[in-house]
Amino acid sequence: MIERLADEIEIEPERYELTAGPAYHFEFGEIQRRDFFKLLGGGLLIVMALKDATAQQESGGGRRGGSPRPVEIGAWLHIAEDGTVTAYTGKAEVGQNIRTSLTQVVAEELRAQVSTIKVVMGDTDLTPYDAGTFGSRTTPEMSPQLRKAAAAARETILDLAAEELKVERDSLLAANGKVTHPATGRSLSYGQLSKGKKIMKAIGAAALSTPSEWKVAGKPLRKINGRDIVTGKHQYTPDIKLPGMLHGKILRPPAFGGTLASIDSKEAEKLPGVVVARDGDFAGVVAPTEETAARAVAAIRAEWKTTPQVSAKELFEHLRKTPNPPAGASAGPARPAELVESLAAAHQKLERTYTIAYIAHAPLEPRAAVAEWKDGKLTVWTGTQRPFGVRSELAAAFRIPETSVRVIVPDTGSGYGGKHSGEAAIEAARLAKAAGKAVKLVWTREEEFTWAYFRPAGVIDVTSGVDKDGVITAWDFHNYNSGNAGLRPVYAIQNQRCEFHRSNSPLRQGSYRALASTANHFAREVHIDELAASLKMDPLEFRLKNLKDDRLRAALEAVAKAFGWGKSKPAANHGFGIAGGFEKGGYIANCAEVAVDPASGKVKIVRVVTAFECGAIVNPDGLKNQVEGSIIQGIGGALFEAIDFADGKILNPRFSRYRVPRFSDMPALETVLIDRKDLPSEGAGECPIVALAPAVGAAIFDATGVRLRSLPMVPNGIKS
Amino acid sequence: MKVLELQVNGINRRVEVGDERSLLSVLRDELDLTGAKYGCGEGQCGACTVLIDGRAARSCLTPVASVEGKQITTIEGLERNGDLHPLQEAFLSEDAMQCGYCTAGMIMSGVGLLKKNPSPTDAEILRAMEGNVCRCGTYPRIVAAIRRAATAGKAAKGGAQ
């Protein structure tokens, strides 16, 4: 089930209803008023109902038949009797800083001070259902829900104040957590107005502020719990300690596709305090210390049955053997007639293949979970982007109702799309059951590199035709295995065919920041650069000639201006490149400058300029951090990151063998954020990574005349 | 099992542990100092960095027995009477974190650098910090934070003792 889950998330990114496990609909009618207030304390509670339940899942997942649709709850907001404001959301904080941006929008709409606002996130007992923190959806979807809840709270507070002060509502002003009556100078704090009350309101819509009015949102605000992080006080999952807790380790197969035939755990059980658990292919140990657990698991003698596995050397040929080839393919794809004609009539035709390696998320916090069974309830703390999905996985794994399971996500040490599934949670819970005590399980870095899922590898074939003026007249684009995110160009191309073909991936694969958009943008934008070069046209001019979309044009023009594109020639052994794209509502453009050392072949990215636009900006500094973080992370996949494997083993499962971007890889960065206050705010967690690789590839070509068509481009430098 | 006397953040701590234990696991599991993190277990990511006698060291590779009698400083030991170390303040000013998991190790490596070299050049900063990984890509802000603390000029006085 987990395999399918990962595949489905990756291959059909919008089909969340297929991957959310048993559809859990929060029945508004079932939660009694008194339960809420028992849980949260008295005061004012606003519950944000999603009318059509379409904001979280595509319709089709709901119930049919005459009975009224259950009301799906998006978020809730509570104002306590002491004036503390708490917003509840099922989203998880994994470093993208939504904790801060959601606080800002609540502060903005509620007209309350940031210091009085708390956000409770990712706790299946306390927060509403959420399909998962992925797809760059928090800003376009969760943020408006909390804004509406906050706006409704503000209106309710004003109603209460008018009643209390016995004045016209219009004569009141809400600001800084207080309602004032300017005519008389009287004021009441939100806390005073909530005291002794138990008011609950469900709302569907509300009048929201417009970005041009924003005083708190739209401005920089430092990371909310920054102090806890710089002092080491914040507890990530691996830092949690429960009374009597033991440490767990899992027995891993020597290769993928292994089944456990037998184990001999006599030696392991001799170690002090060690308990061994076995359940089918699952085997693990618990021990009082992590080192003892590691020694114990190493002392288990196990027999595994393994099966032959595809190795990295055969990967791309293997990926082409797709179970769903293009229409009529036997010796190559059969094209629709218009495409055949336009290619035949083209002034210039180009046919190229691009390849993409598997890469690892390698989040610095490895997969981890702390599990405890107590009074018939299972509680698991784990760093996941899908607390409700993991709850479903746990309930299914142990055949218990979901109401007996609680998943809590501490602010987590990153995910990048890699922490959607609950392996560590299930493993820790299974060991906790065997031991009768709480168990903490922290994956080693080797386990992280081996047993998590990877960003899919891919092969992309592109055939194109241009006329002599530089207009693209034909475009045939085939992606094998990577995925269909970012498959279609924004360019206005009349005759085009873009298809995604599934393959049997030899490695477990799944979501990774921007999904297949990185692969598809690499192939597309490098191909565009090749077309421009074949016509001796400037790559920016060539793109603009084929682009009607205003927002992408604006991003490309902004980046070119900031970079000084066309204003100067690169120094000797330096090169300039440009690329752009669109993903999840965001528009990105990059210019890159590289320097190549002719003696060693080493490539250094000297400078990257970014222009990015995602509608109205909520937190400009947080956004800049996300954009620049994406660029730096993208350097790895662009230049040197790749998972190497053979015979069902990962050959480079550690940082000493799998190179990740470091301080010395950092280019000079310049980032232009285009703030479109007239457009809805979109997410930015993914889009900024997609154009870096092709911009750098184009720069390398400019510097050396060498055209690189594989990611990673220069794991061992440029070969002369 | 052996009884060891450790000096951690200026306080004498006594632990009874097998001497195969790493300093990292003793700090985290016996002394409840979870600021230093496990990231790789092979000294390649820097998340476990602490100061030993004022010098940055990877606690995941340091056998606990080898640090008896030495001054160990962890991230928890930088704060003084509620006042943050200048580098901690600088990280906040520069908002030099995203998921924050690397931050404690980054700060300890940075403090170690500034103790040795209170006014490092950018090249010296990059060299000293090369062993610390930030997967979220916050490197430019971390460099800015170290520069800011260096400029503030108080960094050399912070840390142990």
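Just so it is clear: chains get the letters A, B, ... in the order the sequence lines come, proteins before strands, and each one is counted from 1.
- Remark: A:Arg252 is positioned above the aromatic ring of A:Trp443, its terminal NZ or CZ atom under 6.0 angstrom from the ring centre and at most 45 degrees off the axis.
- By the 4.0 Å N-to-carboxylate-O rule, A:Lys233 lies too far from B:Glu76 to be salt-bridged with it.
- Residue contact with chain B, scored on non-hydrogen atoms closer than 4.5 Å, involves the backbone of A:Leu221 exclusively.
- Residue A:Leu364 touches chain B through both its backbone and its side chain, counting heavy-atom pairs closer than 4.5 Å.
- Within the structure, salt bridge (charged side-chain N to carboxylate O under 4.0 Å, His left out) contacts touching residues 622-640 of chain A (residues at least two apart or in different chains) are A:Lys624-A:Glu628.
- Under 4.0 Å is where a charged nitrogen must lie from a carboxylate oxygen, and between A:Arg513 and A:Glu686 no such pair does.
- The contact between A:Thr412 and chain B is made entirely by backbone atoms, counting heavy-atom distances below 4.5 Å.
- In this structure, chain B has a heavy atom under 4.5 Å from the side chain of A:His247, while its backbone stays farther away.
- Residue A:Arg227 touches chain B through both its backbone and its side chain, counting heavy-atom pairs closer than 4.5 Å.
- There is no contact between A:Phe449 and chain B, counting heavy-atom distances below 4.5 Å.
- With salt bridges taken as basic N to acidic carboxylate O contacts below 4.0 Å, one links A:Glu290 and A:Lys249.
- Pairs of residues two or more places apart, or lying in two chains, that qualify as salt bridge (charged side-chain N to carboxylate O under 4.0 Å, His left out) and include a residue from residues 87-100 of chain B are B:Glu94-B:Arg148.
- If you measure heavy-atom distances from B:Ile107 to chain A, the contacts under 4.5 Å come from the side chain alone.
- Residue B:Arg21 touches chain A through both its backbone and its side chain, counting heavy-atom pairs closer than 4.5 Å.
- Both the backbone and the side chain of A:Lys223 come within contact range of chain B, each with at least one heavy atom under 4.5 Å from a heavy atom of that chain.
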